[in-house]
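Inspection log for the structure reproduced underneath, given as structure tokens.
Just so it is clear, the model here is predicted, and its values are computed rather than measured. Throughout, numbering of the chain's residues begins at 1 and tracks the sequence. Quick note: numbers below take in every heavy atom, side chains included, and nothing from hydrogens, waters or symmetry partners.
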Amino acid sequence: MKLKHIMLMTVLYIIATLSLVILSNQNILENDTNRVLKTIDQIQLFLEKHPDNPLPANFEHLSKNTVNSDTKKIKNGAAYARSLDSKDITVTSPIFSEGQIDGYLKVTENRTSTFFTDFAIIIFAIIFYLAVAIQVLKSAQRAYVFRENTVAKIKNIERSPLTQSYLMNENDDKITTELNKLGEKIQKQALSHTEKKENLYEFIEFFQFPIFIYNNKGKIRRTNASFKNEFSDTENLDIFSPYADFLNFLVDKILHPDIQEKLFFFEKLGAYYQVRITPLPDLDSRFMVTMNDVSSYRRTVDAHNAFIANVSHELKTPLTSIKGFAELLETDTVSPSETKNFASIIHKESSRLMSLVQDTLLLTKQNQRIEKKKLSLSALIQNILQSSSPQISEKSLRLETQIEEITFKTNEQMVHSIFENLIENAIKYTPAQGQIFVSLHHEQDKIIFSVTDNGPGLSEIQKERIFDRFYRADESRAEVSGTGLGLAIVEKNVQELHGTIDVVSILGKGTTFTVNL
């Protein structure tokens with residue numbers, strides 16, 4: 001979906017929400033007006049029977065000669081006159097005697113508060129919008145993965161018509177099915193030609209992945225160079241004895257010769273191979289085995305699934321809080337102080353949810369082309385430090401800087417994100433009255449930016465995982481606010497700018513992050 005369509009739909013959604021709030025307020029106002037008019041009617045009936053009784057404090061009897069804006073409206077034909085302020089509603093109604101106005105009753109009562117209704121509508125609208133946004137994001141991710149897999153499938157058919165089944169998909173979609181049929185058709189046509197059959201052994205040498213051919217007696221008759229490099233030059237299937245499942249798969253095809261493929265993990269090699277067996281009945285009942293290394297693809301899928309699981313877990317916590325406190329606000333047992341407290345919690349969790357969605361979008365953004373321009377890096381850092389001064393003052397931190405005047409051609413948004421995340425990270429994990437050191441300088445043809453704090457520090461194991469998404473080093477870090485994506489975003493931006501980032505840390509003394517651009 002294009003950005004302009006998303007913006008248009010968002011604007012229309014906001015307009016619809018505001019319209020609902022306005023209609024709700026108008027309905028409450030009409031109910032208040034009808035309530036006051038009903039009260040006036042009851043008082044008029046009471047006065048007719050007891051004319052000498054005094055009126056309540058919020059009632060005022062006006063003579064028929066009274067002239068003001070309200071009586072003018074009634075004399076001009078209005079059934080009543082109404083005026084409003086932030087807390088009260090005032091209604092003036094005529095008193096008739098023999099068809100003529102004999103006076104006026106002016107009543108002032110409290111207005112019904114619209115805060116809860118407006119608040120509930122807005123919170124529900126925000127939650128619904130975020131839920132739809134998350135679903136749209138997931139759909140876009142699935143579409144992207146499917147598109148990339150399909151392109152890989154087509155490229156594999158073009159590169160290797162004899163091993164066309166590369167795309168692994170748990171769902172039998174029509175495109176994958178048709179591509180498989182196309183590959184099988186190409187394969188059958190290739191094997192149907194006598195010349196290709198005779199030169200098959202030479203033909204498999206052109207492929208850059210392991211291929212071997214074995215017969216129905218379990219002897220390997222031919223291997224290509226790639227197989228020899230990754231396994232060995234052998235004539236027996238017992239080379240695969242450490243991989244019992246794979247060996248059983250090969251033997252089973254001798255008894256049931258049909259085209260089949262399956263995924264295997266070769267533990268000693270630490271690699272996943274998509275294995276395809278093709279019977280060669282015209283070559284003395286031999287079998288051709290092709291082995292595509294899909295380890296990178298499997299790691300990508302596993303990382304993708306882990307990321308989705310982490311995002312779902314992180315989203316669940318604030319959504320549960322928002323839902324729980326919103327349900328409490330719907331009850332009649334909540335006091336005004338509790339209502340304010342619950343609203344504050346809902347606002348805090350909504351902000352946390354919005355930050356998580358924004359960081360997730362930033363982390364998953366694919367930068368096809370990075371625009372660069374000349375920037376004053378020193379001015380950029382000074383602006384970030386100035387924006388962070390309230391947090392620094394709140395913790396009474398001692399800030400030291402050594403910043404050279406440097407102009408550098410780079411992407412402003414990505415560099416700003418790198419500097420800001422590292423500085424904010426240092427502020428968060430530095431104890432009260434601690435010290436932070438920020439430096440920027442040239443070193444040969446490199447720009448060196450570093451941030452040092454005297455916080456709790458990191459162990460060697462923690463340093464290995466500090467850039468993982470949603471990773472929090474220990475329980476003390478879990479108490480610090482944040483989405484857990486800041487350092488992952490920093491690493492992504494540094495890599496896309498062809499830079500490097502290093503971490504030096506000592507437990508109990510502090511941590512230094514150094515970025516080379």
Side-chain angles (χ1 to χ4, degrees), residues 152-153 156-170 172 176-177 179-298:
K153 180 79 172 178
N156 192 64
I157 292 175
E158 180 181 4
R159 181 173 65 91
S160 174
L162 295 182
T163 56
Q164 96 309 353
S165 291
Y166 172 77
L167 177 62
M168 291 180 296
N169 196 329
E170 295 179 357
D172 293 329
T176 301
T177 301
L179 287 173
N180 281 331
K181 288 181 179 179
L182 175 61
E184 290 176 358
K185 183 178 180 181
I186 294 173
Q187 182 186 46
K188 290 178 181 179
Q189 290 177 347
L191 295 177
S192 65
H193 296 288
T194 304
E195 183 179 353
K196 288 186 178 180
K197 291 178 185 178
E198 293 175 351
N199 297 307
L200 180 60
Y201 288 169
E202 296 180 10
F203 186 57
I204 64 176
E205 292 294 339
F206 291 100
F207 297 96
Q208 299 177 355
F209 51 86
I211 300 177
F212 68 93
I213 297 173
Y214 71 104
N215 61 19
N216 54 8
K217 294 181 180 181
K219 295 290 185 179
I220 296 178
R221 307 308 299 170
R222 193 76 175 188
T223 60
N224 67 350
S226 179
F227 182 89
K228 295 182 179 70
N229 291 335
E230 297 189 33
F231 294 92
S232 67
D233 189 5
T234 181
E235 295 182 356
N236 296 308
L237 289 178
D238 57 8
I239 187 179
F240 299 114
S241 56
Y243 314 108
D245 290 343
F246 180 57
L247 185 58
N248 290 336
F249 181 66
L250 297 177
V251 174
D252 180 66
K253 292 302 103 185
I254 296 176
L255 303 175
H256 307 283
D258 57 349
I259 297 176
Q260 189 174 348
E261 64 178 308
K262 192 174 181 180
L263 180 68
F264 290 96
F265 177 65
F266 291 78
E267 186 174 356
K268 290 187 176 181
L269 299 176
Y272 285 92
Y273 282 93
Q274 186 73 11
V275 178
R276 180 179 177 84
I277 295 182
T278 304
L280 304 173
D282 296 326
L283 292 179
D284 300 326
S285 299
R286 297 184 182 184
F287 302 87
M288 182 173 66
V289 181
T290 57
M291 306 176 67
N292 279 308
D293 188 345
V294 293
S295 302
S296 177
Y297 173 80
R298 291 295 303 184

So which heavy atom on [X] is nearest to which on [Y], and how close?
X	Y	value
G218	L237	O-CG, 3.3 Å
P279	F287	CA-CD2, 3.9 Å
A271	S295	CA-OG, 3.1 Å

What do the steps show when you test M291 against Q274 for side chain to side chain contact (heavy atoms under 4.5 Å, CB included), and what is the final call?
CA-CA 6 Å; M291 306 176 67; Q274 186 73 11; over 6 Å; no
Tell me if the CZ atom of F265 is crowded by more than 12 foreign heavy atoms within 6.0 Å.
yes
Give the intermediate values and the outcome of ring-ring contact (aromatic ring centres under 6.0 Å, His included) for residues Y273 and F266.
CA-CA 8 Å; Y273 282 93; F266 291 78; 5.3 Å; yes
Check: S226/N224 side-chain N/O donor and acceptor closer than 3.5 Å:
no
With the side chain counted from C-beta on, respond yes when [X] and [Y] share a heavy-atom pair under 4.5 Å apart, and no when they do not.
X	Y	result
I204	M288	yes
I220	N236	no
F227	N229	no
Y214	K253	yes

Test side chain to side chain contact (heavy atoms under 4.5 Å, CB included) on L269 and Y243 and set out the steps.
CA-CA 11 Å; L269 299 176; Y243 314 108; 4.2 Å; yes
Measure the spacing between [atom1] of [X] and [atom2] of [Y] and express it to the nearest 0.5 Å.
X	Y	atom1	atom2	value
K219	R286	NZ	CZ	13.0 Å
K262	R276	NZ	CZ	15.5 Å
T223	I239	OG1	CD1	9.0 Å
D252	H256	CG	NE2	5.0 Å
T290	I277	OG1	CD1	9.0 Å
N215	L280	CG	CG	11.5 Å

Begin with the C-alpha distance, continue with both residues' side-chain angles, and end with the deciding distance and a verdict on side chain to side chain contact (heavy atoms under 4.5 Å, CB included) for V294 and L263.
CA-CA 9 Å; V294 293; L263 180 68; 3.6 Å; yes
For F240, the ring-ring contact (aromatic ring centres under 6.0 Å, His included) test, sequence neighbours excluded, returns F212, F231, F246
Before you tell me yes or no, could you show the steps for V289 and L250 under side chain to side chain contact (heavy atoms under 4.5 Å, CB included), namely the whole-Å CA-CA distance, both residues' side-chain angles and the distance that decides it to 0.1 Å?
CA-CA 9 Å; V289 181; L250 297 177; 4.0 Å; yes
Taking the six-membered ring for Trp and the full ring for Phe, Tyr or His, determine whether the centres of Y272 and F264 are under 6.0 Å apart.
no
